[in-house]
Structure formats: structure tokens, C-alpha cells
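Each remark here refers to the structure printed beneath this line.
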Amino acid sequence: MAAIAQNPMERRHKILVVDDEVVIRELLVDILSDEGFEVQSAPNGRVALEKLRADGDLVAIFTDIMMPEMDGITLIREARKVAPSVVCIVMTGYATLDTARAAVKEGAYDYVLKPFNLSEIKLAVNNALERRRLTTENARLLEITELFHISETIASIRDERRLLDYLLRAALARVGAKRGSIMTVSDDGRTLRVASSIGLPEDWQDATVDMANSISGWVAENVRPLLVTDIHENPDIVRISKRLKDHSFISVPLERKSAPIGDPGVREASRPQVLAVLNVTEKERGGQFTEGDLKTLSIVANHGAAALENVRLLKDIEDAQREIVFTLGEIVETRSRETGNHVKRVAEYSKLLSRKSGLAIEEAEIIRLASPLHDVGKVGIPDAILNKPGKLTPEEFDVIKTHTTIGYDMLKVAKGRVLQSAAIIALHHHERFDGGGYPHGRRGKDIHIYGRITGIADVFDALGVERVYKPAWELDRILGYFREERGKQFDPDLTDVFFANLEEILAIRDAFPEAEEGRHRG
Ligand code: C2E
Ligand code: SIN
Ligand code: SIN
Ligand code: FE
Ligand code: FE
């Protein structure tokens, strides 16, 4: 495929001279050519505009004011639409000096008076180019600031889908494109999936394509960006991608940054080097993508790749943490002869109550992850007490009560929101709303909301199942108990939330039933 982005060579500045008088036109062409510029000329505004449209490299226009077909003022106005960075200089006689000043108001950079001498022309054009250089630098600075903002934002996104959606939107906005996609490379490196898209048919979302049959696949396999200004000049691409109707597009790879872990000889070596491919097409106003666009997208892709890797790494860690948390919770429940599904149900009840009582989804999720550890301190309770098949003596119950502080002490040193929240839950889940709970006898809203929530979830579940010291309660009895304890043992508002969402609570209970035979639900 021959359509690789080429290095723009240092070229001479191109200037356009517009005048209906042949003599003046040719004089200016000579002067500016001698100065080392590449000069084109046009007899009026209309022709000049055509040349401007055809040649994006023109940096300055010298134009007369009074000309047939299209005058200089109109030309300047139109030129600024076609090529905003082009610098216009007006040539004028004394008779039209006011008009020239008006032209400057229209956006002309300067005017020179006819008849002009050589040094005036040189000065005007050098000033104009200097000004253009500054303007371009400002634009570049602005661009960099924008890119910095994008980079900052993506570093704070923790969900892969949201990251890719933001990245794509930002990329399209930066280069003025209307369609695009981010395709992620599968683990085995054989296929690509449309992970995010804008302006594409909806059923393309999540569609997969073969590496071998797609442009993104070519970019991923060759680890090279692709800038095509006119697809019809690239028959290979037309062959690969019959769907592409647009003439111009850019595809850039999001390259993996991290070194392979483990033995580089085995397996890891086949880990695909490209994580994803960013595609943009349909430049606004039917334009073509430029080298500058490619550079911009390469920067976006570069930062995007780092963020994508981070997000995936974090997710791995969180998955591992989640597993550890559940395993720990299950171990505790197993020791106290409870089943694993107890912690799962408590987790889901807690999340539901969190959401329905108005906590944010992120917080509810943290409570879901943390609540299974509420009884982790039971690992410090002697077996003879924990699994005693009957009623506890007050002394034994005092020992049991320490499971709250033991759990808190175990968890409080851990880093991360989930384990910190778990520490709070361990400490607060046996406090009572009326102040009669343990370990501290906190009252009302002094009990942490996580503790109040998990407390309700825990007791609801504990009552419904058989324990060594008690049979399972019937549902009606449990609900009666909750009505009775509203505002005493339990937060009254949360108790209301509990009753208002009873149907969903029971659906959770049915979804995670007690596995072993001989255990009954209430
Ligand atoms: P658990 O079995 O997970 O019970 C959690 C909470 O559910 C209890 O906290 C209590 O608020 C409620 N609950 C459970 N069963 C009953 C019940 O039959 N009646 C009432 N009114 N509430 C019930 P609590 O009471 O602070 O107990 C904490 C932990 O101490 C229990 O966790 C359990 O492991 C242990 N435990 C409590 N009472 C006894 C007992 O009589 N014998 C034994 N062997 N262990 C007990
Ligand atoms: C893309 O895949 O996002 C660009 C190509 C197309 O529009 O078909
Ligand atoms: C792609 O290869 O990036 C998808 C574009 C297409 O095949 O139309
Ligand atoms: Fe407990
Ligand atoms: Fe429990």
C-alpha cells in the first residue's frame, strides 16, 4: 500500500498576484520571484479564488481593488472563507485609498500605494509572512492546549467504553471530521471490533472485522498510520475497503506502551502490539485531511493508548480485588457455617438500598463490593463460640461483638476505596439507630450510612436462613420484625426504602438461593 503519510518537504512560499493590468501583474511576479517566492497570478477575483481553492499552499495574496468580474474586497472576504490563514495585501492608488482602508477592515493585512517601489513590496510581504507565522504559532499553541486538555480528561476516565467514546469525539472535533470509529484489536490479534463509532450505521457497533480485510487491520498489523487524501489514487485501499465512499481519511494505531510481562519467548510475543485503531473520515465542507491532522491524531492516539492500557490494568486489578473480597467473605461465612450466597445477597441488597436511597451509582457499586466483608472480623472469634449450636451466654456474646472492631482493624490499613469502605461497614453494621447497638452505641445518622445500609441487608438475610443457633424465619415474620424495628434497630428512612422496593429485594433473594439441601428460606 503506497499511501503512507509523506514528509512535507521544505517548500518556497507561494504567493498569488491579482491585478487586471498585465503590466503591474508581471512586474509584481518578477519582483516576488526574485525575492525567492513561487508566484502565481490572476486577472481578477474570480480566477484568484479558483486558484486559491486548487492550491492549499498559497500563503499570501497581493490584490488590486478595482477589477472586472470580482473586485478585491469581495475576493478578500471570500478568500478568508476558503483559506483563513492566507494573508491579503491590497494595492491601491490615492483615488481608492478609502476603499483600501475599508479592505483592511474586511480582513486585509496591509495596503501598498501605487505606484510602488521595490522595498515597499518586500517590506509588506515580509511583514505579512511574519504575521502569518505568528498567527500559525498561536493556532499551534491553542492546538497544544486543546490536546493537553484532552489528555488530562482521558486520564481521569476509568471505564473503557466511556474512554473510547470521549477519545473519538475529541479526535473528530480536533480535525473537523464527521465520521469515525475506534476499533479494538482482539486478544489473539485476529479481529477488530467497532468499540466506538460516530456517524456510522448503528448496527456496526460491536461488529467485528478480519484483520486481513480492513484498513484498520492493515494499520494494526503494520503499526503505521495511514493518511489518504484521495482514495482513488490508492487502488489497494479501494479493493480492501469497498465500503469507504469518502475520498479522504486517516487511520492511526493506538500502540501498546508496556513491555510484555513474563517470558518474552512464549505466548507473550504473540500479544498484539496495537491495542486499537482510530479512524476518521468525512472532513467538514468536503475538505481533505492534512499532515497536520495526522499529527494531531497521532498525539491523541498516543495519549489514548496509554489511557486505554491504564483502564484495562485497573480493571484487571479491580476484578482481582473483587474476587479476593468475595473469597474472603465466603471463607468467613463458611467458618460460621453459612453459605457463600449469603455474602452475595447482602452485597446485592446493599447496592439496591444504596441506589434507591439516592446514592450515586459509583458509590452503590463500592458498597456492593465492600459489604461482603462486614463479618470478616469473625475470623478472630473462637470456633466454640461462633458455631455454638444454641443460645450464647452474655459473656460469649461480648466476645462475638468484637468481630466488628477486629474486622475494622484488619481493613483500616488497606488502601483503596473499597477496602476503606469495608472497614467502615465492619465497624458500623451492628450499631442500632436508637443507640443500643455495638461496639460504640452510636445513634441515628452518627452511624455511617454504609453501616446502616449493610445492617439492614445483613439482618434481613440472616433472619431468612437457618443458623446453628436458629431456624430460618418465614417471610411474614421477618417483615413484621422490620416494621417493629423501624426507627429502633433500623434507620426509619432506609426501612421505608426497603419496603418500597421489596419486590426487587425478593427477586435478588430468588436469584441467589441457598444451595445446600436442608436449608430453607423464610
Ligand atoms: P449473624 O448470624 O450473621 O446475624 C446477624 C444479625 O442478624 C444479628 O446480629 C441479629 O441482628 C440478626 N439476627 C440473626 N438471627 C436473629 C434472631 O434469631 N433474632 C433476631 N432478633 N435477630 C437475629 P447479632 O445479634 O449482633 O449477632 C451477631 C452475630 O453473632 C451473628 O451473626 C452470629 O454469628 C452470632 N450470634 C448471635 N446470636 C447467637 C446465638 O444465639 N448463638 C450463636 N451460636 N451465635 C450467635
Ligand atoms: C471508520 O471505520 O470509522 C471509517 C470508515 C468508514 O466510514 O467506513
Ligand atoms: C476499517 O477497516 O477500518 C473499517 C472501514 C471499512 O472497511 O469500511
Ligand atoms: Fe456481623
Ligand atoms: Fe452476616
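Ligands are counted one by one from 1 in listed order, and the atoms in each one are counted from 1 as well. All values derive from a computational prediction rather than experimental measurement.
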Query raised in the report: Which option, Y469, W473, Y481, owns the non-hydrogen atom nearest atom 4 (O) of ligand 1?
Result: Y469

Query - ligand 1 versus Q489: contacting region, heavy-atom distance under 4.0 Å - result: side chain

Query raised in the report: Nearest non-hydrogen atom to atom 17 (C) of ligand 1 belongs to which of T404, L463, T393, V459?
Result: L463

Requested in this report: Inspect the contact between E396 and K388 and indicate whether a charged nitrogen and a carboxylate oxygen are less than 4.0 angstrom apart.
Outcome: yes

Query raised in the report: Which ligand 1 atoms are under 4.0 Å away from a heavy-atom of L386?
Result: 44 (N)

**Report entry** Heavy-atom proximity to atom 7 (O) of ligand 1, best of G437, A462, P471
**Finding:** A462

Query - D458 N/O/S atom closer than 2.8 Å to the Fe ion (ligand 4) - result: no

Report summary line: The atom of D375 among N, O or S that is nearest the Fe ion (ligand 4) is OD1

Query raised in the report: Do H440 and D446 have side-chain atoms, one donor and one acceptor, less than 3.5 Å apart?
Result: no

Query raised in the report: Under 6.0 Å between ring centres, would you say that holds for H428 and H374?
Result: no

Report task. Considering the heavy atoms of Y438, write down every atom of ligand 1 situated less than 4.0 Å from one of them. Result -> 24 (P), 26 (O), 27 (O), 28 (C)

Requested in this report: Measure centre to centre between the rings of F249 and F289, then say whether the value is under 6.0 Å.
Outcome: no

Query raised in the report: Which of these, R432, K378, E396, has its nearest heavy atom closest to atom 34 (O) of ligand 1?
Result: K378

List the atom pairs, with distances to 0.1 Å, where a side-chain N or O of residues 147-155 and a protein N or O form a donor-acceptor pair under 3.5 Å, not counting sequence neighbours.
unit_1 : atom_1 : unit_2 : atom_2 : d
S151   : OG     : H303   : ND1    : 2.6
T153   : OG1    : H149   : O      : 2.8

Report task. Compute whether any side-chain donor of one residue and acceptor of the other, for S216 and N279, lie under 3.5 angstrom apart. Result -> yes

Query raised in the report: Judged by modelled atom types alone, do T191 and S186 share a side-chain donor-acceptor pair under 3.5 Å?
Result: yes

Requested in this report: For the Fe ion (ligand 4), find the closest N/O/S atom belonging to H430 and write down its atom name.
Outcome: NE2

**Report entry** Proximity to ligand 1 by part of I400, non-hydrogen separation under 4.0 Å
**Finding:** side chain

**Report entry** Pick from K388, H403, H430: the one approaching atom 8 (C) of ligand 1 most closely through a non-hydrogen atom
**Finding:** H430

Report summary line: In H403, the N/O/S atom nearest the Fe ion (ligand 4) carries the name NE2

